[in-house]
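The first residue of the sequence shown is numbered 1, and numbering continues consecutively from there. Just so it is clear, the structure is predicted and the values come from calculations on it, not from any experiment.
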Amino acid sequence: MTARPSPDHLSASPPGAPQPGAVLREMRWWDIAPVLDLERELFPEDAWSPGMFWSELAHARGPHATRRYLVAELEGGLVGYGGLAAVDGTGDIQTIATARDQWGTGLGARLLTELLGAATDFECHEVLLEVRVDNLRAQRLYERFGFEPIGFRRGYYQPGNHDALVMRRTTQTSSEAPSVQGT
């Protein structure tokens with residue numbers, strides 16, 4: 001959920017300053033290069049390769065699609081992205097990230113909301129994700145959305161050998177859903 005925006009892609013507003021909302025849209029092949037730039041900035045030790053994104057996008061379209069990938073654009077620049085895989089009723093948030101200057105703006109929550117909506121479209125009864133154990137900011141976001149810790153994966157993030165916290169959110173029926181009044 002971090003990123004290094006380049007000056008030619010983003011406004012010069014101070015970090016966390018209110019900005020016009022980013023536009024979310026389906027990720028396409030031509031987005032891979034700017035997504036990789038953001039990925040390398042945010043996750044220098046364990047950034048995805050171009051092949052990983054190509055592989056995921058290969059499963060994101062058509063009648064047998066099992067993936068949903070989004071990008072967030074602001075003022076012509078890419079400021080966030082996220083992806084979900086769905087298999088046999090289980091969704092997995094594969095990746096989600098926002099540019100550092102978008103932290104605190106709600107963009108991460110918007111991306112997560114869209115991915116959870118895609119999980120519903122894929123008829124997932126649960127959604128899983130992994131998050132670095134030292135990424136408390138992201139963990140708080142996921143907890144706000146009903147994710148709960150269920151385990152650890154030692155050395156999951158390579159080559160840095162960082163541990164991952166595994167979190168799960170189960171689908172709630174309308175009678176189980178918490179009230180949103182007053183929030």
With a 4.5 Å cut-off on side-chain heavy-atom distances among I, L, V, M, F, W and Y, is there a chain of contacts connecting Phe152 to Leu136? no
For Glu123 and Thr120, what are the C-alpha separation, side-chain angles and deciding distance, and is it a side-chain contact (heavy atoms from CB on, under 4.5 Å)? CA-CA 5 Å; Glu123 299 180 355; Thr120 299; over 6 Å; no
Considering only heavy atoms from C-beta outward, does the side chain of Arg68 approach that of Asp121 to under 4.5 Å? no
Quick one, Met52 with Glu39, criterion side-chain contact (heavy atoms from CB on, under 4.5 Å). Give me CA distance, side-chain angles, the key distance, then yes/no. CA-CA 12 Å; Met52 292 171 79; Glu39 176 84 0; over 6 Å; no
Which atom pair, heavy atoms only, marks the closest approach of Trp48 to Glu56? CZ3-CG, 3.9 Å
What's the separation between atom CG in Leu70 and atom CD1 in Ile96, rounded to the nearest 0.5 Å? 8.5 Å
Answer with yes or no whether the hydrophobic clustering places Val131 together with Val166; edges join I, L, V, M, F, W, Y residues whose side-chain heavy atoms lie under 4.5 Å apart. no
How many angstroms lie between CZ in Arg67 and CZ in Arg61, if you round to the nearest 0.5 Å? 15.5 Å
CE of Met27 to CD1 of Ile32: how many Å apart, nearest 0.5 Å? 5.0 Å
Arg25/Asp31 under salt bridge (charged side-chain N to carboxylate O under 4.0 Å, His left out): CA gap, chis, key distance, verdict: CA-CA 11 Å; Arg25 64 170 175 79; Asp31 296 311; 2.6 Å; yes
Are any side-chain N or O atoms of Arg168 and backbone N or O atoms of Ile150, one a donor and one an acceptor, separated by less than 3.5 Å? no
If you take all heavy atoms of Leu107 and Ala22, which pair is closest and at what distance? CD1-CB, 4.1 Å
To the nearest 0.5 Å, how far apart are CG in Leu116 and CZ in Phe147? 5.0 Å
Linking I/L/V/M/F/W/Y whenever their side-chain heavy atoms sit closer than 4.5 Å, directly or via other members, would Leu128 and Leu112 fall into one cluster? no
Is there a path of hydrophobic side-chain contacts, each under 4.5 Å between heavy atoms, that joins Trp30 and Val23? no
The test is side-chain contact (heavy atoms from CB on, under 4.5 Å); show your working for Leu165 and Tyr142 and say whether it passes. CA-CA 11 Å; Leu165 175 65; Tyr142 302 141; over 6 Å; no
Where the side chain of Arg110 meets the backbone of Ala72, is there a donor-acceptor pair that is under 3.5 Å apart? no
Do you know the tightest heavy-atom contact between Ala60 and Glu26? O-OE2, 4.2 Å
Closest heavy-atom pair and its distance - Pro50, Leu36: CG-CD1, 3.5 Å
Flag yes if Tyr81 and Tyr157 sit in one hydrophobic cluster, no otherwise; membership is Ile, Leu, Val, Met, Phe, Trp, Tyr, and two members link when side-chain heavy atoms are under 4.5 Å apart. no
For Val127 and Leu84: C-alpha separation, side-chain torsions, deciding distance, then whether side-chain contact (heavy atoms from CB on, under 4.5 Å) applies. CA-CA 9 Å; Val127 179; Leu84 171 104; 4.3 Å; yes
Would the distance check show the side chain of Thr113 and the main-chain N or O of Ala109 forming a donor-acceptor pair, the cut-off being under 3.5 Å? yes
If you round to the nearest 0.5 Å, how far is CG of Asn135 from CZ of Arg137? 5.5 Å
Look up atom CZ in Phe145 and atom CZ in Arg169, then write down how far apart they are to the nearest 0.5 Å. 8.0 Å
Minimum-distance pair of heavy atoms, taken over all atoms of Glu45 and Gly160: OE1-CA, 3.8 Å
Pair Thr170-Glu126, side-chain donor/acceptor within less than 3.5 Å: no
